[in-house]
**Student:** 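Would you mind keeping the following structure in view while I ask a few things?
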Amino acid sequence: MIGVYVTVPIACFRKGLAREFLETEILPPPATCYGFLLSLVGEADRRRHVACRIAPAVIRRELRVSTVLRTVWRLKHRDRDPGASGNMRPDFQQLLTGLELVIWLDSNEEISSGPALEERVRHALAFPSSITRYGGLSLGESTHLIDEVSVINDSFRLERDEPSCQMFLTSQRGPLTLPVWVDHVGSAGTRYATGEIEVVPAFTSPAASRMSQIDRASQSE
C-alpha cells in the first residue's frame, strides 16, 4: 500500500445530482483519484489498473469553500456548434481552495499483468523525468492543477505532525455514494461505492478491505 500526499490550490468535485447550483463534494471520488494517478504515471488506458483499491482523504486545516459565478457549457441546441452562444449559461459553482489530500492506493487485487499502479506511482515520483505524459497534472477539471505530490514514507512523517483527516471508507449502510468508474457516454456504466466519511489519522494507512475498489462495468467496454 502507498499513500500519496497531494495539494491543490483550487478544485471542485461536482456532486452527481447537482444541476443549477454546482455543489462540490468535500473530497475527490475514488474514480477521480484513479484518473489522477493514471495521469501521474503517464497511462492513457484507464482499464489498465482495474481492481486496485483507493481511499481518498481530505485534511481540513486550510480548506475553504467559496461560490463563484461561471460560464457553463451545455449542449441544449444540438443543431448548433457546441461553442454557440445558445449552449452556454451562467451558473453558480462551489470551489474548494487550500486543499490538502492523502490518496491511499492498494494494488494487491489488480488483474492486469505487468507493473502494478502502486509500483508505477513510486517510480514516477522517484524518477519523474522517466515518465512520458501530456497535459497538465490536474485533479478533476483540467484547470484544477496539482501543486505538490509526495509519497508518505518515514522521512515524510518525521518532517510533519500528523493531522486528522476525513477519509471515505466503504460501508454497506453508509450514507454516501461516490463513483469508482464513470461512464462518459451516458451513465448506464457508472459504478459507485457506498460508504461514509470517518475522521482518522491522515498518514496512517486504512484497512484495504474498506478501500473502494475500481470496478468498471464490463470487460467489453
Side-chain angles (χ1 to χ4, degrees), residues 1-18 22-38 40 49-66 94-110 116-118 121 139-140 144 146-154 156-182 190-215:
M1 188 180 298
I2 184 175
V4 181
Y5 174 79
V6 182
T7 64
V8 193
I10 300 175
C12 175
F13 312 114
R14 178 177 170 181
K15 292 186 177 183
L17 299 179
L22 307 182
E23 295 177 272
T24 181
E25 301 285 2
I26 203 65
L27 47 67
T32 302
C33 297
Y34 177 63
F36 157 70
L37 294 173
L38 292 182
L40 175 66
H49 295 288
V50 163
C52 69
R53 290 184 177 272
I54 288 175
V58 60
I59 301 170
R60 296 287 300 263
R61 55 189 170 193
E62 301 293 337
L63 185 64
R64 298 289 184 273
V65 182
S66 57
Q94 284 186 328
L95 292 177
L96 302 173
T97 53
L99 187 63
E100 288 183 89
L101 298 167
V102 177
I103 299 174
W104 290 98
L105 167 66
D106 185 282
S107 291
N108 285 332
E109 298 177 54
E110 285 188 24
L117 183 55
E118 182 179 335
V121 168
L139 188 67
H144 298 161
I146 299 297
D147 186 29
E148 178 185 356
V149 185
S150 304
V151 172
I152 297 175
N153 51 27
D154 290 340
F156 180 95
R157 292 183 176 93
L158 287 173
E159 294 172 357
R160 310 177 188 228
D161 294 329
E162 182 169 28
S164 62
C165 70
Q166 290 180 291
M167 185 180 296
F168 178 72
L169 297 169
T170 59
S171 173
Q172 288 187 347
R173 297 184 179 274
L176 184 61
T177 57
L178 294 177
V180 295
W181 186 267
V182 177
T190 298
R191 294 291 182 265
Y192 297 88
T194 299
E196 56 192 343
I197 293 179
E198 297 186 11
V199 178
V200 297
F203 305 147
T204 301
S205 59
S209 60
R210 297 202 63 195
M211 298 169 67
S212 304
Q213 189 166 37
I214 301 302
D215 178 25

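Values below: all heavy atoms of this structure, side chains included; hydrogens, waters and symmetry mates excluded. Sequential numbering from 1 along the given sequence is applied to the chain's residues.
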**Student:** For the side chain of Arg53 and the backbone of Met211, is there at least one donor-acceptor N/O pair under 3.5 Å apart?
**Tutor:**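 Checking the backbone N and O of Met211 against the side chain of Arg53, a donor-acceptor pair under 3.5 Å is found.
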**Student:** Is the side chain of Glu118 donor-acceptor paired with the backbone N or O of Asp106 at a distance under 3.5 Å, no angle test?
**Tutor:** no
**Student:** Looking at CD1 of Ile214 and CG of Leu37, how far apart are the two atoms once the value is rounded to the nearest 0.5 Å?
**Tutor:** 9.0 Å
**Student:** Any sub-3.5 Å donor-acceptor pair from Tyr34's side-chain atoms to His49's backbone N or O?
**Tutor:** yes
**Student:** Rounded at 0.5 Å granularity, tell me how far CD in Gln213 sits from CH2 in Trp181.
**Tutor:**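 Between atom CD of Gln213 and atom CH2 of Trp181 there are 12.5 Å.
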**Student:** Hey, could you give me the CZ/CG distance between Phe203 and Asp161, rounded to the nearest 0.5 Å?
**Tutor:**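 It comes to 9.0 Å.
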**Student:** Sort and list the pairs that fulfil side-chain hydrogen bond (donor to acceptor under 3.5 Å, both in side chains) and have at least one residue in residues 96-105, not counting sequence neighbours.
**Tutor:** Tyr5-Glu100, Arg61-Glu100
**Student:** Looking at side-chain heavy atoms only, is the closest gap between Leu101 and Pro56 below 4.5 Å?
**Tutor:**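 A side-chain contact is absent here, since even the closest heavy-atom pair is not under 4.5 Å.
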**Student:** Could you check whether any side-chain heavy atom of Leu96 comes within less than 4.5 Å of a side-chain heavy atom of Val58, counting everything from C-beta outward?
**Tutor:** no
**Student:** Is it the case that more than 12 heavy atoms not belonging to Glu148 sit under 6.0 Å from its CD atom?
**Tutor:**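 Enclosed: over 12 neighbouring heavy atoms sit under 6.0 Å from CD of Glu148.
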**Student:** Could you list the donor-acceptor pairs under 3.5 angstrom formed between side-chain atoms of residues 163-180 and any protein atom two or more places apart in sequence or on another chain?
**Tutor:**
unit_1: Gln166; atom_1: OE1; unit_2: Arg60; atom_2: NH1; d: 2.6
unit_1: Thr170; atom_1: OG1; unit_2: Arg210; atom_2: O; d: 3.1

**Student:** Can you tell if the side chain of Val149 reaches within under 4.5 Å of the side chain of Phe36, non-hydrogen atoms only?
**Tutor:**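 In contact.
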**Student:** Say you draw a straight line from CG of Leu99 to CD1 of Ile10; how long is it, rounded to the nearest 0.5 Å?
**Tutor:**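 Those atoms lie 11.0 Å apart.
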**Student:** For Gln94 and Thr24, indicate whether the former's side chain and the latter's backbone hold a donor-acceptor pair under 3.5 Å.
**Tutor:** yes
**Student:** Measuring from Leu38:CG to Cys33:SG, what's the distance to the nearest 0.5 Å?
**Tutor:** 11.5 Å
**Student:** Do you know which two heavy atoms are closest between Val182 and Ala31, and how far apart they sit?
**Tutor:**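 Looking at all heavy atoms of both residues, the shortest contact is CG2-CB, 4.0 Å.
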**Student:** To the nearest 0.5 Å, tell me how far Ile146 CD1 sits from Leu139 CG.
**Tutor:** 4.5 Å
**Student:** Going by the rule salt bridge (Lys or Arg N to Asp or Glu O under 4.0 Å), which residues pair with Glu110 if we only count those two or more places apart in sequence or in a different chain?
**Tutor:**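 Scan of Glu110 (salt bridge (Lys or Arg N to Asp or Glu O under 4.0 Å), adjacent residues dropped) gives none.
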**Student:** Considering all heavy atoms of both residues, which atom of Pro29 and which atom of Phe13 are nearest to each other, and what is their separation?
**Tutor:** CD-CB, 4.1 Å
